[in-house]
Protein chains: 2
Amino acid sequence: MSIQDAHSISLQCGACPIRHRAVCARCETDELALLEEIKYYRSFEAGQTVAWAGDKMDFVASVVSGIATLTQTMEDGRTQMVGLLLPSDFVGRPGRETAAYNVTATTDLLMCCFRKRPFEEMMMRTPHVAQRLLEMTLDELDAAREWMLLLGRKTAREKIASLVAIIARRDASLKLRSPQGRMVFDLPLTREAMADYLGLTLETVSRQISALKRDGVIELQGKRHVTIPDFDLLLTEAGDDNDGGYLT
Amino acid sequence: MSIQDAHSISLQCGACPIRHRAVCARCETDELALLEEIKYYRSFEAGQTVAWAGDKMDFVASVVSGIATLTQTMEDGRTQMVGLLLPSDFVGRPGRETAAYNVTATTDLLMCCFRKRPFEEMMMRTPHVAQRLLEMTLDELDAAREWMLLLGRKTAREKIASLVAIIARRDASLKLRSPQGRMVFDLPLTREAMADYLGLTLETVSRQISALKRDGVIELQGKRHVTIPDFDLLLTEAGDDNDGGYLT
DNA sequence: CGGGGGCTTGATAATACTCAATCCGGGTGG
DNA sequence: CCACCCGGATTGAGTATTATCAAGCCCCCG
């Protein structure tokens with residue numbers, strides 16, 4: 001999906017790559033037709049800002065392709081990432097007028113947007129959108145709580161290992177594989193973005209990546225391309241409980 | 001509301017102190033009647049565990065009075081609080097069989113419980129419960145993201161000031177006041193619980209409380225009773241943006 | 001070949017942690 | 001009634017981890 005496409009085509013919902021996971025996943029054919037009427041596509045280049053915290057935001061959207069981040073900043077410039085949005089993830093809050101966070105495209109990004117007002121009306125009338133949104137929000141809350149454990153209690157090394165594991169898992173799920181054994185993928189984030197995710201400085205990120213490489217937990221081809229020789233080892237380094245769970 | 005009451009009386013929803021803020025806030029009279037049928041009260045003493053992570057949990061609940069915490073722990077014992085539940089807050093996730101976190105009563109606690117199955121059925125049939133739950137979950141997600149900024153980027157001093165401000169705000173909202181000027185209230189958490197909230201050690205919590213006291217940002221009567229001479233000063237210490245916002 | 005962004009590495013400093021001793025206040029049992 | 005005890009809290013000394021400041025590298029691209 002190239003950037004230009006966004007202006008020239010109107011993707012059919014039935015053929016949408018995120019159809020089965022997005023906020024519209026539960027919709028019936030007739031509901032989909034309603035969504036089809038109010039949706040439009042917007043694209044952003046890597047690095048572009050989608051919205052600034054406090055901006056009026058008159059749409060909500062699903063990420064179709066690419067990656068976006070939600071970040072919060074303090075007056076002195078300290079910034080913390082509070083959301084990492086991958087394809088099918090939802091942006092914006094029904095019932096809120098302004099953006100609560102900075103939304104930034106970290107790769108080229110395509111979003112499926114709905115004007116807020118019609119979307120809210122649709123949520124009132126049909127239950128399936130609201131049901132799916134609740135489910136997705138609960139999942140996000142769980143992810144946020146996992147993230148809080150990482151931020152509050154993990155060491156720098158564990159934080160890096162955790163982030164690599166998270167990305168590995170998401171990549172595997174995209175490829176419909178189970179995360180285990182040897183895995184190969186790309187890091188979609190700069191060292192600075194990783195630092196903002198993990199509550200570290202970019203120097204510490206760099207050092208710990210080097211350390212994990214030295215210790216054979218990860219292998220690097222270039223700066224971004226990663227090989228995990230042993231996913232379980234990575235999980236151990238992340239401080240995650242990787243024994244048990246599969247017997248229940 | 002004493003502990004004994006939980007076993008002897010069945011509070012009428014119409015007279016419930018959290019009626020206007022809880023998951024049932026939007027319910028009509030007839031929906032309330034349905035809830036009334038499936039609800040029951042449970043009480044816990046301060047310190048008791050409501051559920052362990054991984055336990056089967058066959059109910060969801062609203063906190064009626066008292067305070068509970070959600071915590072996550074790593075194998076080596078490091079623990080991070082990921083939720084602080086005050087009256088009207090909701091516990092449990094529809095559609096999930098087991099508890100995802102440790103739920104602990106930090107004060108005497110009264111909960112209004114619904115067996116999961118009937119509650120889920122009710123969510124399917126009537127929209128008002130699901131709508132309110134979505135709203136509450138979105139609010140919690142916002143709070144979690146604010147919390148992430150705190151954990152990832154704030155100094156120990158800022159963390160303490162932030163926590164005191166959060167508690168002050170909630171206490172004010174309970175008393176239907178706006179948070180400003182001079183404020184007096186109790187800290188409902190031990191130093192250790194604060195440390196788990198903030199991702200610090202209890203020694204650091206203690207030291208920073210002493211420092212804020214020394215600097216006149218807070219005053220203490222005993223260990224728990226706090227006076228804030230100037231709420232704006234506290235917000236400044238918390239690193240929060242306290243100018244602007246009230247003009248929009 | 002030069003420039004620049006992203007990244008790495010090094011030296012030093014600051015913040016928060018660890019280990020340890022002591023304090024305080026409230027409840028209990030002699 | 002008072003001494004004791006205990007959990008929670010405070011304070012101190014020394015250490016470790018991570019941040020800060022700074023220099024330089026790598027690789028792509030013009």
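Here is how names work: the chains are called A, B, and so on, in the same order as the sequence lines, proteins then strands, and each is numbered from 1.
- Between the P atom of C:dT22 and the CD atom of B:Glu203 lies a distance of 16 Å, rounded to the nearest Å.
- A:Ile209 comes within 4.0 angstrom of nothing in the nucleic acid, heavy atoms only.
- Proximity of A:Arg224 to the phosphate of C:dG6: no side-chain N or O atom is located under 4.0 Å from OP1 or OP2.
- Listed pair A:Thr201 / D:dT18 fails the phosphate criterion, with no side-chain N or O lying under 4.0 Å from OP1 or OP2.
- When rounded to the nearest whole Å, the span between NE2 of A:His225 and P of D:dC27 equals 16 Å.
- Annotation: the span from A:Met111 atom CE to A:Leu85 atom CG amounts to 9.0 Å, rounded to 0.5 Å.
- At a threshold of 4.5 Å between non-hydrogen side-chain atoms, the residues B:Leu84 and B:Met81 count as touching.
- Two residues, B:Lys223 and A:Thr190, neighbour DNA chain C, and the one matched to the more 5' nucleotide by heavy-atom proximity is A:Thr190.
- Counting any heavy atom pair closer than 4.0 Å across all strands shown, B:Gly199 reaches sugar-phosphate atoms only and no base atom.
- Per the geometry, CD belonging to B:Glu192 stands 14 Å off P belonging to C:dC17, to the nearest Å.
- Per the geometry, CG belonging to A:Leu198 stands 15 Å off C1' belonging to D:dA19, to the nearest Å.
- Within the structure, every side-chain polar atom (N or O) of B:Thr204 is placed at least 4.0 Å from both OP1 and OP2 of C:dA16.
- When atom types are taken as modelled, the side chain of B:Arg145 and the backbone of A:Tyr101 share no donor-acceptor pair closer than 3.5 angstrom.
- In this structure, A:Gln208 places its CD atom 9 Å from C1' of D:dT18, rounding to the nearest Å.
- In this structure, B:Arg207 places its CZ atom 11 Å from C1' of D:dG14, rounding to the nearest Å.
- Neither side chain, A:Glu192 nor A:Thr190, offers a donor N or O lying under 3.5 Å from an acceptor on the other.
- Nucleotide C:dC7 holds its P atom 12 Å from the NZ atom of A:Lys213, rounded to whole Å.
- Using a 4.0 Å cut-off, some side-chain N or O of B:Arg191 falls inside it from OP1 or OP2 of D:dT10.
- Contact annotation: A:Ser206 does not reach the phosphate of C:dT9 (side-chain N/O to OP1 or OP2, under 4.0 Å).
- Cation-pi geometry between B:Arg182 and B:Phe231 is not met: the NZ or CZ atom fails to fall both under 6.0 Å from the ring centre and inside 45° of the normal.
- Between A:Lys159 atom NZ and D:dT17 atom C1' the separation is 11 Å, expressed in whole Å.
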